[in-house]
Amino acid sequence: MKQLHSALLAVIVALSLSGCAATGAPALSPENGETSSAALHQAAADKEQARGAEDAADQGIGPARAANRVHETDAPGASAHRQKTGDEEAARAVVEEFGRRLKMISLLAPREVLGTSMREEYGDLVSPELLERWQQDPANAPGRTVSSPWPDRIEIVTVTRRADDSFEVQGEIILKTSQDTEQGFSAKRAITLVVTRTGGRWLITEVTLGDYVAPGPVTYINGEYGFVFSLPESWQGYTIVTDTWEGLPVGGSEPVETGPLLRIRHPGWRAEAPRQDISIMVFTLSQWEALQAGEFHIGAAPIGPTELGRNDEYVFALPARYNYAFPEGYEEVEEILAGSPLQPRKPVPAPRP
């Protein structure tokens, strides 16, 4: 009887939590001593418990078994997988919120004003040690340096777990002006952040800023795979030729891997007088790892493709000996590639027909 009473109480608590969420009960906020990352973890736990109780009620499962519903349905490692996924989502949420607040920090403000605004805007997202460093050395802090362009957001490119309680997040600060479109930008700046779980909260503990990169006069935006490629003005009117690369096993002649090969073609290209294309091979992360491990090769060149950049899903690479024939324009392509023209971004799935 005691076990039945305890189980029934657990179900009632779970359903109460679910009811709070459904009626719009206020979420925890920084003012209540919780960061958005801590609130995310609590909400995820409450949702999982409530879902287990609701499923049990729908299926007519008794209260004693319903109290343990979540634990019984866990396959080996499922709980750990959900925890890891929740951790990554919490780290992403901290970085995205940090990116939204960058525009609120004027790095040219008087030291006292700047210190106050940093505490107000960054205090619940950044570790006290990092915040103090920025207050002492604002020149190395992220924020707004001019009225326009301003930092609009951080676009996350990759998230890598460094330890059980730490993630490295690579992304780009997107700077915009009032003249930019929603998808447009005036400049980008690479940023690498370390997000660490500290006392039950996820906080940014390290930040490394890269150089500013302005888009070229002409840009090729590929939403399907997730990258932007900057081109000089002379490439206005370029075309995209889609091909396929093939990966062959050692000693074999039948392809074991294939993937997209995108060629950016100069508007002056003619069949009777070809110009140098800019070729971009697209690999999934697993394909790239297999290629680096020697599980297959591409072409007869003794060296493999050269990585140009990557996001969470794809690696973009330059084919080996792409300019072996030295066609017209190869020197210009070499100069373009030397300027790191490819900037990865999050892929946008194509709409379903």
Please list, one pair per line, the donor and acceptor atoms closer than 3.5 Å that link side chains of residues 270-278 to other protein atoms, with sequence neighbours excluded.
from : atom 1 : to   : atom 2 : distance (Å)
R270 : NH1    : P267 : O      : 3.1
R275 : NE     : H266 : ND1    : 3.4
R275 : NH1    : E328 : OE2    : 3.2
R275 : NH2    : E332 : OE1    : 3.4
Q276 : NE2    : Y322 : O      : 3.4
D277 : OD1    : R265 : NE     : 3.0
D277 : OD2    : R265 : NE     : 3.4
D277 : OD2    : R265 : NH2    : 2.7

Name every donor-acceptor pair, under 3.5 Å, that has one atom in a side chain of residues 242-257 and the other anywhere in the protein, sequence neighbours excluded.
from : atom 1 : to   : atom 2 : distance (Å)
W245 : NE1    : P260 : O      : 3.4
W245 : NE1    : V282 : O      : 3.0
E257 : OE1    : Q287 : NE2    : 3.0

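Under the side chain to side chain contact (heavy atoms under 4.5 Å, CB included) criterion, N140 pairs with D137, not counting sequence neighbours. The ring pair (Phe, Tyr, Trp, His ring centres under 6.0 Å) check on F167 picks up W202, with sequence neighbours excluded. Applying the side chain to side chain contact (heavy atoms under 4.5 Å, CB included) test to E168 and every residue at least two apart in sequence or in another chain returns R162, Q170, T192. Partners of E335 under the side chain to side chain contact (heavy atoms under 4.5 Å, CB included) rule, at least two apart in sequence or in another chain, do not exist in this structure.
Minimum interatomic distance between T177 and P149 (heavy atoms only, all atoms of both residues): CG2-CB, 3.6 Å. The nearest pair of heavy atoms linking R310 to T158 is O-CG2, 4.2 Å. For the residue pair Y122 and P142, the shortest heavy atom distance occurs at OH-O, 2.9 Å. Of all non-hydrogen atoms in I336 and P232, the two that sit nearest each other are CD1-CD, 3.5 Å. For P347 against Y225, the heavy-atom pair with the smallest separation is CG-O, 3.5 Å.
Within the model, atoms CG of N222 and CZ of F316 stand 7.0 Å from one another, a figure rounded to the nearest 0.5 Å. Note: I191 CD1 to I204 CD1 = 7.5 Å, rounded to the nearest 0.5 Å. The distance from atom CG of L125 to atom CG of L203, rounded to the nearest 0.5 Å, is 8.0 Å. From I174, atom CD1 reaches atom NZ of K188 across 4.5 Å, with rounding to the nearest 0.5 Å. Atoms CZ and CG, on R100 and D152 in that order, are 10.5 Å from each other to the nearest 0.5 Å. To the nearest 0.5 Å, the span separating OG1 on T205 from CZ on R197 amounts to 13.0 Å.
Salt bridge absent: R92 and E89 never bring a charged side-chain N and a carboxylate O closer than 4.0 Å. Between R133 and E206 there is a salt bridge, since a side-chain N of the basic residue sits under 4.0 Å from a carboxylate O of the acidic one.
Put simply, the side chain of Y220 does not reach to within 4.5 Å of the side chain of W235, judged on heavy atoms. Within the 4.5 Å cutoff, side-chain heavy atoms of P319 are placed close to those of M281. Taking 4.5 Å as the limit, every side-chain heavy atom of E120 sits out of range of all side-chain heavy atoms of M104. Counting only heavy atoms from C-beta outward, the side chains of P305 and W288 approach each other to under 4.5 Å.
Within a 6.0 Å sphere centred on CD of E132, heavy atoms belonging to other residues, nucleotides or ligands number 12 at most.
Of the possible donor and acceptor atoms, one in the side chain of N311 sits under 3.5 Å from a partner among the backbone N and O of R345. Checked by atom type and distance alone, the side chain of Q343 pairs as donor or acceptor with a backbone atom of S340 at under 3.5 Å. Panel note: side chain Y238, backbone T219; a donor-acceptor pair is recorded below 3.5 Å. Looking only at distances, no side-chain donor or acceptor of R263 sits under 3.5 Å from a matching main-chain atom of S279. Using a distance-only test at 3.5 Å, with no hydrogens or angles considered, a donor-acceptor pair links the side chain of R101 to the main chain of E121.
The hydrophobic cluster containing V195 also contains L102, counting ILVMFWY residues as joined when their side-chain heavy atoms lie under 4.5 angstrom apart, directly or transitively. Taken together through direct or relayed side-chain contacts under 4.5 Å among Ile, Leu, Val, Met, Phe, Trp and Tyr, L261 and Y330 form parts of separate hydrophobic clusters. Cluster annotation: I280 is not connected to V241 through the hydrophobic network of ILVMFWY side chains, with a link wherever side-chain heavy atoms come within less than 4.5 Å. Connection of L262 to L231 is established within a shared hydrophobic cluster, with ILVMFWY side chains joined at heavy-atom distances below 4.5 Å, either directly or through further cluster members. No continuous path of hydrophobic side-chain contacts links V194 to V207 [ILVMFWY only; heavy atoms under 4.5 Å].
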Check your understanding: Would D87 and R161 satisfy side-chain contact (heavy atoms from CB on, under 4.5 Å), going step by step from the backbone distance to the final call?
Key -> CA-CA 10 Å; D87 288 348; R161 182 180 284 273; 3.5 Å; yes

**Study point:** Verdict with supporting geometry, Y314 and F227, side-chain contact (heavy atoms from CB on, under 4.5 Å)
**Key:** CA-CA 10 Å; Y314 301 104; F227 69 87; over 6 Å; no

Point to revise | Worked verdict on S286 versus T284 for side-chain hydrogen bond (donor to acceptor under 3.5 Å, both in side chains) | key: CA-CA 5 Å; S286 59; T284 64; 3.2 Å; yes

Practice item. Kindly determine whether L175 and K103 satisfy side-chain contact (heavy atoms from CB on, under 4.5 Å), including the steps that lead there. Key: CA-CA 10 Å; L175 291 96; K103 64 175 71 70; over 6 Å; no

Point to revise | R144/S106 under side-chain hydrogen bond (donor to acceptor under 3.5 Å, both in side chains): CA gap, chis, key distance, verdict | key: CA-CA 5 Å; R144 188 171 185 160; S106 175; over 6 Å; no

Exercise for review: Evaluate the side-chain contact (heavy atoms from CB on, under 4.5 Å) criterion for residues K346 and I156: first the C-alpha distance (whole Å), next the side-chain angles of each, then the deciding distance (0.1 Å), finally the verdict.
Suggested key: CA-CA 7 Å; K346 184 177 181 179; I156 296 175; over 6 Å; no

